[in-house]
Amino acid sequence: QLSLHRFISLKILNETFDREFNIDEFIDSGEMHILHSQKKINLSIICKKPVMSHLFETPIDVSQIISDESESQFKIDVALPDSVDLRWWLIAQSNHVQIIKPNWLKDEIIHSLKQGIENQEA
């Protein structure tokens, strides 16, 4: 990933570069994330409707399984890379998402949110 807004100039080369590259494999490898580990996280979350209903059309991952919980909530089960991006997303959506499992990740997010509250109260 490149921070394009930091580029001042670029130069187009006439040289060819011969390398096989599969974007899907690159994304699946976790290269687009800052990984905590090479393991996938089996995440279960309860999401509020209608705020999180966009996840029906724009899934978190192709592996996600959505099931209705109630008129106001649905559940997502999904296997995701253990990444910083996942933690940022869960923290950002904490008003609309309840982590069911894994418990260790739920505890980590709760700890981060409590630290954020303490920072604001200081």
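All values below were derived from every heavy atom in this structure, side-chain atoms included, with hydrogens, water molecules and symmetry-related copies excluded.
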Quiz item: When rounded to the nearest 0.5 angstrom, what distance separates CD1 in I66 from CD1 in I60?
Solution: 8.0 Å

Quiz item: If you look at every heavy atom in A79 and D61, which pair is closest and at what distance?
Solution: O-OD2, 3.8 Å

Quiz item: Same hydrophobic cluster for V78 and M52, using side-chain heavy-atom links shorter than 4.5 Å among ILVMFWY?
Solution: yes

Practice problem: Enter the distance from L43:CG to Q64:CD here, rounded to the nearest 0.5 Å. | Solution: 10.5 Å

Practice problem: Take L105 and L86 through the side-chain contact (heavy atoms from CB on, under 4.5 Å) test and state the conclusion after the steps. | Solution: CA-CA 10 Å; L105 181 59; L86 173 59; 4.2 Å; yes

Quiz prompt | Shared hydrophobic cluster for W104 and L113 (ILVMFWY, side-chain gaps under 4.5 Å) | solution = yes

Quiz item: CG of L55 to SG of C47: how many Å apart, nearest 0.5 Å?
Solution: 5.5 Å

Exercise. Supply the atom-to-atom distance I110 CD1 to I91 CD1, rounded to the nearest 0.5 angstrom.
Key: 11.5 Å

Quiz prompt | Q115, CD: over 12 other non-hydrogen atoms inside 6.0 angstrom | solution = yes

Self-check item: Approximate separation, where rounding is to 0.5 Å, of I45 CD1 and Q93 CD
Solution: 9.0 Å

Quiz item: Does T58 reach the main-chain N or O of H54 with its side chain, forming a donor-acceptor pair under 3.5 Å?
Solution: yes

Quiz item: Is there side-chain contact between D82 and K39, with at least one heavy-atom pair below 4.5 Å?
Solution: no

Practice problem: Quick one: pull up OG in S53 and CZ in F74 and give me the separation to the nearest 0.5 Å. | Solution: 5.0 Å

Quiz prompt | Hydrophobic cluster membership, F56 vs V51, 4.5 Å side-chain cutoff | solution = yes

Exercise. Check for a donor-acceptor pair, side chain of K48 on one end and backbone N or O of N95 on the other, with a separation under 3.5 Å.
Key: yes

Quiz item: What's the verdict on side-chain contact (heavy atoms from CB on, under 4.5 Å) for D77 and N42, showing C-alpha distance, side-chain angles and the deciding distance?
Solution: CA-CA 7 Å; D77 292 294; N42 292 316; over 6 Å; no

Quiz item: Is I46 reachable from L80 through a run of hydrophobic residues whose side-chain heavy atoms are each under 4.5 Å from the next?
Solution: no

Quiz item: Just by modelled atom types, is the Q98 backbone N or O under 3.5 Å from a matching donor or acceptor in the K106 side chain?
Solution: no

